[in-house]
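Report on the structure given below.
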There are 2 protein chains.
Amino acid sequence: MTRKRRGIHLIAEMAQVSIGTVDRALHGRNGISHATRERILQIAREIGYTPNLAARALSAGKAGVRIGVCIPREIHFFYDQLWGGVLEEARRLEHMGVAFEFRPVRNLGEGDTEALRELIEDGVDGVILTAGNPDGLTPLVNEAEGRNIPVVCVSTDAPESLRSSIVCVEPRLNGQLAGELMGKFVPAGSKVAVVAGMLTAMDHLSKTEGFSVTFPKHCHGGQIVGVIEGHEDEDESFQKTFDLLGRVPDLAGLYVNTVNCLPVCRALGARQLAGRVKLITTDLFAEMATYFAKGTITASIYQQPHRQGQLAVRLLADNLTANQPFPPTVHLSPGVVMSSNLHLFREMRRSETKLPDVVRVASLATKV
Amino acid sequence: MTRKRRGIHLIAEMAQVSIGTVDRALHGRNGISHATRERILQIAREIGYTPNLAARALSAGKAGVRIGVCIPREIHFFYDQLWGGVLEEARRLEHMGVAFEFRPVRNLGEGDTEALRELIEDGVDGVILTAGNPDGLTPLVNEAEGRNIPVVCVSTDAPESLRSSIVCVEPRLNGQLAGELMGKFVPAGSKVAVVAGMLTAMDHLSKTEGFSVTFPKHCHGGQIVGVIEGHEDEDESFQKTFDLLGRVPDLAGLYVNTVNCLPVCRALGARQLAGRVKLITTDLFAEMATYFAKGTITASIYQQPHRQGQLAVRLLADNLTANQPFPPTVHLSPGVVMSSNLHLFREMRRSETKLPDVVRVASLATKV
DNA sequence: CTGAAAGCGCTAACAA
DNA sequence: TTGTTAGCGCTTTCAG
């Protein structure tokens, strides 16, 4: 009895030709008559043929495609989750012959042009990039795209560049959602304030704007009585918040649009206002849990870093291996973290940290 | 001249053994002396051996894993998104030689035991299942697991069975999050009510309980003044809600824990209470958009159907093809939909419906 | 124009 | 305890 054939062999059997001919038809190579080619393609279509990418990669010897990754290595908070998502997806794709070249930078925007340059020189087929300083990166990104190396930005965009796609939560929307929530949390006519990192950063500015526009729409007579810049400094953030709370005793809400919310929580505690002032924060990390428990933090806007990483890799791999077109933008909806669902977020699960992966990144990165 | 060997062959050559022995050493299989194993592992370490995953996938994939899928086919709302997630992931895996056998049932719990039976008889290697009627399904699921066919439940659980894993948003948590939100939305001492499908359904009961327990914790003196059962009937839901709104003129909030929220929206409209009574709904579909715009719906608890489908497939495929152990449960956090982020949900994008997939399901399903 | 055959690196079944 | 061998599905080269 004839064995159960698969893929190109199956087609060959059905079309009564050899696998070589099938291959020629499938790849539009020459040395095949128009008639047989059509017949083969027809059959392929009928049985819904899809090539086995693992086999292709193996045969072709080389890894099918190589993807370069340039993301900050900062160990806490957002970026380790972003890495997690990238690595998880990378591991799966390696099964299918997609290779990865990791060039982590120490901090956002720190030496990313060099890293990107190296990746391009290195001959990768596509790049995943957090564009720390968009201005410096734009010409390089354009050069890459010019060389037909697609660049997918993740989390932080280089909007002026020719990058093929961007995966992110729009900062403005972040602020809008916070504003809408805040508007529902506090009574009409409330005074609220915003704590930003620094307003010169596009990201924080957009969030602040989104909040400022949306909050009044959902809170009749609500007003924003202040915008604090904490400059990501613990003491400065604490002090400025503390002062504000003294100055505006009837403050009803605070929106912190940087990850650095702990000083604000402490300031609220120091003023005995924890729980009384509605606090909406951004992002999520383990130390925030206690403030959720105490009711200091009412909600946090979660930017899904893991998912962002995952999606960026998928997008690029799908394009490179299957010619899938890029969506110009992939804008995720931020999640809302409250005390009920807090425990479900991976940030709250210490044990789940995947050490092997981290080690691997390091070794691959230094292998250069 | 000796060709340039790679991977396991290279190690074999260096250690003066056969590739079979190397394989045994690398995989900790028995039938190999301690000495040779150590020698081989040492060499592997020295040359920094990493397995070629494509080759492994290709070789191991010879088994040709088949996954059976039994999910309701209901065309609207939740399940088409669930299908979307399943199909998206299935398409990727088919590249790697994983096959799928689709046995959609018309509605949740309708003929699912027969479908599952067929899948088992059919010799699939694993099953993805929405357990519509857990009681009837449990023995079958146990039988499958007994035959070493893992069953992954998705969205609806068969908790008493031996299913390998469950991917879902816990109904209770759904209610809790709604309760917490509602507690923050309405002032202290508020009266709120719940609209359920029917309280005999575990799902709706758990949601109602979760809400009832959590709401008072976040709203001082808040009370639940009523629980309506709409039985998924448009008229009944409308009428009962309409009556309740008349009976309790100072009602501050309504939580609808079934997908069937339109009648409630209409009742609120009829009473001129749209926007005045805070309405929290469940799930998401296109027709809800207008009620978000009008402010009738304050927020909706989104159960991430697409992601659930995706995750269920991944879990099962990872186990079948790479022996990854099952997490006993995968509990997702529900999303919060408000007017700011509404447009980002795929349910709101009509155009994105993937017709080809649907067609394909149908053909595969009827191919039997 | 078409067929046959040799691998890609790994797994697993069977010999020795 | 170890070696040998037959594929996995695809690409590629060399004959016909």
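What you are looking at is a predicted structure, and each value in this text was computed from that prediction instead of being measured. Lettering follows sequence order; numbering is per chain, from 1.
At dA12(C), one or more side-chain N or O atoms of Arg29(B) fall inside 4.0 Å of OP1 or OP2 (strictly under the cut-off). Between dT1(D) and Thr36(B), no contact under 4.0 Å exists linking OP1 or OP2 to a side-chain N or O.
For Arg6(A), taking side-chain heavy atoms from C-beta onward, the closest of the listed nucleotides dT2(D), dG9(D), dG9(C) is dG9(D). You'll find that the side chain of Leu58(A) is closest to dG9(D), out of dT11(D), dG9(D), dT11(C). With dT2(C), dG7(C), dG9(C) as the choices, the nucleotide that has an atom nearest any side-chain atom of Ser59(A) turns out to be dG7(C). Checked against dT2(C), dG3(D), dA12(C), the side chain of Ser18(B) finds its nearest nucleotide in dG3(D).
The NE2-P distance, from His9(A) to dC8(D), rounds to 7 Å in whole Å. Taking atom CD on Glu38(B) and atom P on dT1(D), their separation rounds to 14 Å, with Å as the unit. In this structure, CD of Gln16(A) is placed 14 Å from C1' of dT2(C), rounded to the nearest angstrom. One can place CD1 of Ile11(B) at 12 Å from P of dG9(C), the figure rounded to the nearest angstrom. Straight-line distance from the CG atom of Leu26(B) to the P atom of dG9(C): 15 Å, rounded to whole Å. Taking atom CG of Leu53(A) as the reference point, atom P of dG9(D) lies 13 Å away to the nearest angstrom. Remark: C1' of dC8(C) and CG of Leu10(B) are 15 Å apart, rounded to the nearest angstrom. dG3(D) atom C1' lies 13 Å from atom CG of Asp23(B), rounded to whole Å.
Taking only distance into account, the side chain of Arg24(B) meets the base of dG3(D) through a donor-acceptor pair shorter than 3.5 Å.
Side-chain atoms of Phe100(A) and Leu87(A), non-hydrogen and from C-beta on, never get closer than 4.5 Å to each other. In this structure the side chain of Leu311(A) never reaches within 4.5 angstrom of the side chain of Glu89(A), judged on heavy atoms.
The residue Gly31(A) sits close to a base: some heavy atom pair falls under 4.0 Å. Among the atoms of the strands shown, only primed sugar atoms or phosphate atoms (P, OP1, OP2) are found under 4.0 Å from some heavy atom of Gly7(A). Across all strands, Asn52(A) comes closer than 4.0 Å only to sugar-phosphate atoms, never to a base (heavy-atom distances).
Between the side chain of Trp83(B) and the backbone N or O of Gly309(B) there is no donor-acceptor pair closer than 3.5 Å.
In this structure, CG in Leu137(A) is found 5.5 Å from CG in Leu116(A), a value given to the nearest 0.5 Å.
Checked by atom type, the side-chain pair Gln42(B)/Glu46(B) shows a donor-acceptor distance below 3.5 Å.
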